[in-house]
There are 2 protein chains.
Amino acid sequence: MDDFQGQGRETVVTMADAYTLSRAERRDQQTQRILDAAKACFVRSGFQGASMQEVCAEVGMSPGALYRYFPSKEAIIEAICEVDRQQDIESFITFLENPSIVDGLVEAAVAHITHVHERGNAALFAEIRAESTRNETIQTTCLKCQQQVYEIIRERVRLATERGEIDPPVDLDTLMAAFMAIGEGIALNDLPSLGVPVANLEILLRAMVEGMLRPTGRTTADSR
Amino acid sequence: MDDFQGQGRETVVTMADAYTLSRAERRDQQTQRILDAAKACFVRSGFQGASMQEVCAEVGMSPGALYRYFPSKEAIIEAICEVDRQQDIESFITFLENPSIVDGLVEAAVAHITHVHERGNAALFAEIRAESTRNETIQTTCLKCQQQVYEIIRERVRLATERGEIDPPVDLDTLMAAFMAIGEGIALNDLPSLGVPVANLEILLRAMVEGMLRPTGRTTADSR
DNA sequence: CATTTGAGAATGAACGTTCGCTCTTTATGC
DNA sequence: GCATAAAGAGCGAACGTTCATTCTCAAATG
């Protein structure tokens, strides 16, 4: 995997490979290779700490070639942030579907934790988070993704409160701010990697969410 | 506050000022000035992103002079991390003293949130956190500070459980890991700056902690 | 007068990026 | 189907800049 673009002429991998790829396909594939390699470098050395030379070495590509795919280092960073944030958020949203709010929140949180853990993304998230306080583009990306989750949860909590299914001890805004902050803390710390069993975590999170939402026991429909 | 070390010779602040300082005092004072200025730069541009020139300009000091106080940029970064982490932790520990665990945790959390907010330290914390995944010295500093809090809370929760004051739904390790992660998330997000009233937050945190610890109502002594 | 403090130019290394070039792939004309 | 042009992909040296740090020397201090 290392002597990809070697020195000799005969080791060069031609564009028309065993299974011939179109120009566009090849381009997409190379772009992805760069993003993957850059991500590894950025996790290792930080956005500012990693040099383009380091990224080039990781991809196995010369600077001249790499700059045909991205116009600048910043563009690579921003692309990585965009993809990462969107992916993180999608797994979360999917699991919010459960009709019970408490179950939905807990399941989504557990799915999110598992997702971050499996992809080893906690360190990158920490990096993105720090960078987002400085880079406006990244900040916008983060906010946009966060808001998707925020709006959905907020609306569901609001409706459930209106219906009398839950009785939170504080206003909706405080509740939501706390939820988002807590979720971030848990994702950032990658608890499974610290040896915390997800099953135990789920029990605790349910107790926590119930404490914060105070389910009344009655439901409008026959959801149980 | 800007034209401190001006260009002219007569504006130079001599060492023997109105109230004469000893050599050591003057040195400490200058060291502190450097740390403060560097902190501002690092918050603005990040540890890697800020240059020494930027720091020098912020202090109002030449590189040659600055390097008489710190041997390297890294030394400044590490000193800032050390001080910041220790300060953050101290305010927390102080407020854990309340005999009721729930009250202690909630009060400490609120004090911590207030402290981080007032000092505007959330961005620096994000930076330190990201850097700690790369710099071993910083990581050690963070762990050491975190552990001080961890041990105290853990022991208090353990004793309270033993006494039957609380009945957590999960094992102590899971509980503690979650507590630390949640605390970090809340501190990092600086909720007061988002407009969340601390009073509301306190109510919610209490509900949350009670959900996670399940106080039984009985106490060993007459603490209520 | 010995020592400390400071300024500011200078250092070499490393940075992100560009350039000129070669080779390969695709498009075009016959 | 084949020659040939145009475009794309890639390399690696080189660019100008900025980096952290050091050096030299002057001023202030005790």
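Chain letters run A, B, ... following the sequence lines, proteins first, then strands; residues in each count from 1.
Among the protein residues, A/Tyr69 comes within range of the sugar-phosphate backbone only, with heavy atoms under 4.0 Å from sugar or phosphate atoms but none that close to a base.
Closest to the side chain of A/Arg23, out of D/dG10, D/dA7, C/dT3, is D/dA7. Comparing C/dT5, D/dG10, C/dA7 by their closest approach to the side chain of B/Ser62 singles out C/dA7.
Atom CZ of B/Phe95 is surrounded by 12 or fewer heavy atoms from other residues, nucleotides or ligands within 6.0 Å.
Contact check, A/Arg33 against D/dG10: no side-chain N or O comes under 4.0 Å of OP1 or OP2. In this structure, A/Gln30 does not reach the D/dG8 phosphate: none of its side-chain N or O atoms is under 4.0 Å from OP1 or OP2. At the phosphate of C/dT5, OP1 or OP2 sits under 4.0 Å from a side-chain N or O atom of B/Arg27.
At whole-Å resolution of the value, CE in B/Met61 and P in C/dT5 are 10 Å apart. In this structure, B/Ile77 atom CD1 and D/dC19 atom C1' are separated by 13 Å, rounded to whole Å. Put simply, CZ on A/Arg26 is 8 Å from C1' on D/dA9, counting in whole angstrom units. In this structure, CZ of A/Arg68 is placed 16 Å from P of C/dT24, rounded to the nearest angstrom. For the pair B/Glu25 CD and C/dT5 P, the computed distance is 13 Å after rounding to whole Å.
Put simply, the side chain of B/Lys73 gets close to the backbone of B/Ala50: a donor and an acceptor are under 3.5 Å apart. Formation of a donor-acceptor pair under 3.5 Å by the B/Arg85 side chain with backbone atoms of B/Ile128 is not found in this model. Under the 3.5 Å distance criterion, the side-chain polar atoms of B/Asp171 are matched with a main-chain donor or acceptor of B/Thr174.
Salt-bridge check for A/Arg33 with A/Asp36: failed, with every basic side-chain N at 4.0 Å or more from each acidic carboxylate O.
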Give me, pair by pair, the N or O atoms of the protein and of nucleotides 12-19 of chain C that are less than 3.5 Å apart, along with how far apart they are.
{"unit_1": "C/dG16", "atom_1": "OP1", "unit_2": "A/Ala50", "atom_2": "O", "d": "3.4"}
{"unit_1": "C/dG16", "atom_1": "OP1", "unit_2": "A/Lys73", "atom_2": "NZ", "d": "2.7"}
{"unit_1": "C/dG16", "atom_1": "OP2", "unit_2": "A/Met52", "atom_2": "N", "d": "2.6"}
{"unit_1": "C/dT17", "atom_1": "OP2", "unit_2": "A/Tyr67", "atom_2": "OH", "d": "2.3"}
{"unit_1": "C/dT17", "atom_1": "OP2", "unit_2": "A/Lys73", "atom_2": "N", "d": "2.8"}
{"unit_1": "C/dT17", "atom_1": "O5'", "unit_2": "A/Tyr67", "atom_2": "OH", "d": "3.1"}

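Using modelled atom types, one finds no donor on one side chain facing an acceptor on the other under 3.5 Å when comparing A/Glu90 with A/Gln148. For the residue pair B/Asn135 and B/Glu74, a side-chain donor N or O sits within less than 3.5 Å of a side-chain acceptor on the partner.
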